[in-house]
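Model, not experiment: these values are computed from the prediction.
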Amino acid sequence: MIQSRVHLSDLREHVGRTVTVFGWVNTLRLQSKMQFVVVRDGTGMVQVTHKRDNGPLAARLQALTPESAVKITGRVMDAAQVKLGGLEIVPEAVEVLNPAATPLPIDEQTGIEHRLDWRFLDVRRRPAAQLMFAVQTTLEQGLREYAYAQGATEMHTPKLMGTASESGAEVFELGYFGRSAYLAQSPQFYKQMAISAGIEKVFEIGPVFRAEPSFTSRHATEFTGVDVELAWIDGVEDVMAFEEQMLTHAIAKVADAHGEAVRERFGVEITVPTTPFPRITMAEAHEILRKGGWDPEGIKEDLDPEGERSISAHIRQVTGHEFVFVTHYPVGIRPFYHMRPADDPSVTLSFDLLWKGLEITTGAQREHRYDVLLKQAAEKGMSPEPMQDYLNAFRYGCPPHGGLGMGLGRVLMVMLGLESIREATFLFRGPNRLTP
């Protein structure tokens, strides 16, 4: 009879029976009288215990190396003295499916940059890293669930563009059949085209490319963006309300599925936020921060990382909330397509969402009036010709709309208390990293 695989987390149900398990050799203690092998799969670990003799099984166990892929058939026994769940397997057959070379290129002391060179081993050997991807999956599922429940349509927009979108400075240029193409910095323009196409609520979870030579713990040159665009809005408040509800739903789902494991592996408590999130205008944020000695020259229009951390700490102290929307950013630091309020054209109807001091989202009400868009582009010194396809979307009855772009890696980073976005990505891409 062919033995079907039993996951290590389910061994307790098979005490006294013979099972087949698959996994990797975690550690080896090969003594003169006993051979102990700890085997690991994606669900847990078990000790394989063999009384040494001169048989082929002893020789096979003796030849094992750490991280070799193995198939082991044996009897599951109660063993109170064994720390790993009080169980052990007494082996009857051991098959090496793929031996691991020695020594391993990384160990527990290896730093992040070298671990990234061997990311497959890094993730395989650290249950916390595997948990991170399980959390990511549940988080995305929660975000999608909320969007679907609101009647949103999931779109897949091009990542190759014929003209440099938005600023032009932060795009990757590549050869395209004898001319230039650019990797999309954001699905922004395409989301807006979908709104103009009559698709009332749009979202996309997909790759975003930024040619920024940034070497910080929160920047990547390729990351996964969560983008939303909503039509027929009354104002930017509708966009913020959508986001806080979407995030709350997704975080609650993660807390429910993984809260205990995250507490154990990362030492972090996942707190489901209450809604609405606090809101503060940029002018108010500046006033509070400058009273505390931030930006003594009074010249910063935007919040630097220190400013973001300080305003988040202030809001947490006053309201107890981990999130804060900073709104009404000045025109000078926002794109031309952000709408400006009629009563104060020096600011935009835009926001950033900070979570525990890190910016995870930028959003805004978009300018949907063709003539105003042209005027605002001209003010920024932009020529309409390269953007004509985009601008055409506003010439034939585009509704009022707004949306947001959120960085999935940053959300995971804050949620799990990770030190760097490198840890929140499977294969990180930065100015100095294009491999593996």
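For His328 and Thr348, the side-chain atoms include no donor-acceptor pair closer than 3.5 Å. Residues Thr221 and Glu212 have side chains that never bring a donor and an acceptor to within less than 3.5 angstrom of each other. For the 3.5 Å distance criterion, the side chains of Gln141 and Thr138 fail to qualify, holding no donor opposite an acceptor.
Pairing each heavy atom of Leu8 with each of Val39, the nearest pair is CD1-O, 3.4 Å. Residues Ala424 and Gln136 come closest through the heavy atom pair O-OE1, 4.3 Å. Minimum heavy-atom separation, Pro399 to Ala231: CG-CB, 4.1 Å. Between Arg115 and Ile106, the shortest heavy-atom contact is CA-CG2, 4.2 Å. For the residue pair Arg17 and Glu13, the shortest heavy atom distance occurs at NH2-O, 3.4 Å.
Looking only at distances, a side-chain donor or acceptor of Thr65 sits under 3.5 Å from a matching main-chain atom of Ala100. Put simply, the side chain of His321 gets close to the backbone of Thr274: a donor and an acceptor are under 3.5 Å apart. In this structure, the side chain of Thr425 engages the main chain of Ile421 through a donor-acceptor pair within 3.5 Å. With hydrogens and angles ignored, the 3.5 Å screen pairs no side-chain donor or acceptor of Arg5 with any backbone N or O of Val21. No side-chain donor-acceptor contact under 3.5 Å links Ser420 to the backbone of Glu423. Of the possible polar contacts, none joining the Lys300 side chain to the Gly298 backbone as a donor-acceptor pair under 3.5 Å is found. At least one donor-acceptor pair under 3.5 Å links the side chain of Thr43 to the backbone N or O of Ser9. Formation of a donor-acceptor pair under 3.5 Å by the Asp238 side chain with backbone atoms of Ala241 is not found in this model. A donor-acceptor pair under 3.5 Å links the side-chain atoms of Asp107 to the main chain of Thr110, judged by distance alone. Using modelled atom types, one side-chain atom of Thr216 and one backbone atom of His219 make a donor-acceptor pair closer than 3.5 Å.
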TODO: Walk me through it: do Arg124 and Gln130 pass the test side chain to side chain donor-acceptor pair (under 3.5 Å)?
DONE: CA-CA 7 Å; Arg124 186 208 296 173; Gln130 301 201 6; over 6 Å; no
Task: Trace of the side chain to side chain donor-acceptor pair (under 3.5 Å) decision for Gln188 with Gln192 - done: CA-CA 6 Å; Gln188 182 59 52; Gln192 292 184 267; 3.2 Å; yes
Open item on the list: Could you go through Thr157 and Glu204, starting from their C-alpha distance and side-chain angles, then the distance that decides it, and tell me whether this counts as side chain to side chain donor-acceptor pair (under 3.5 Å)?
Closed with: CA-CA 8 Å; Thr157 62; Glu204 175 168 16; 2.6 Å; yes
- [ ] For the pair Phe242 and Tyr146, evaluate ring-ring contact (aromatic ring centres under 6.0 Å, His included) and give the outcome as yes or no after the intermediate values.
- [x] CA-CA 9 Å; Phe242 187 98; Tyr146 180 80; 5.2 Å; yes
Task: Derivation of the salt bridge (Lys or Arg N to Asp or Glu O under 4.0 Å) call for Glu359 and Arg218 - done: CA-CA 9 Å; Glu359 174 217 316; Arg218 61 188 200 281; over 6 Å; no
Task: Glu95/Arg60 under salt bridge (Lys or Arg N to Asp or Glu O under 4.0 Å): CA gap, chis, key distance, verdict - done: CA-CA 8 Å; Glu95 187 182 340; Arg60 201 159 289 164; over 6 Å; no
- [ ] I would like to know whether Gln365 and His338 meet side chain to side chain donor-acceptor pair (under 3.5 Å); could you show each step before the answer?
- [x] CA-CA 6 Å; Gln365 179 165 0; His338 281 193; over 6 Å; no
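Applying the side chain to side chain contact (heavy atoms under 4.5 Å, CB included) test between Val228 and each of Leu404, Ile205, Val239, Val202 identifies Leu404 as the sole match.
For CD of Gln31, the number of neighbouring non-hydrogen atoms (other residues, nucleotides, ligands) closer than 6.0 Å is greater than 12. For CH2 of Trp118, the number of neighbouring non-hydrogen atoms (other residues, nucleotides, ligands) closer than 6.0 Å is 12 at most.
In this structure, Tyr182 has its ring center at least 6.0 angstrom away from the ring center of Tyr176. Outside the 6.0 Å centre-distance limit, the rings of Phe223 and Phe209 are not counted as a close aromatic pair.
Under the 6.0 Å distance and 45° angle rule, Arg366 does not count as a cation-pi partner of Tyr337. Taking the ring axis of Phe428 as reference, the NZ or CZ atom of Arg433 does not stay both within 45° of it and closer than 6.0 Å to the ring centre.
Counting only residues at least two apart or on different chains, the side-chain hydrogen bond (donor to acceptor under 3.5 Å, both in side chains) pairs with a member in residues 79-90 are Thr49-Glu88. Within the structure, salt bridge (charged side-chain N to carboxylate O under 4.0 Å, His left out) contacts touching residues 172-201 (residues at least two apart or in different chains) are Lys191-Asp227, Lys191-Glu229.
Checked against side chain to side chain contact (heavy atoms under 4.5 Å, CB included), Glu264 has no partners two or more places apart in sequence or in another chain.
Using bins of under 30°, 30° to 60° and over 60° for the plane-to-plane angle, the ring pair Phe325/Phe351 lands in the perpendicular bin.
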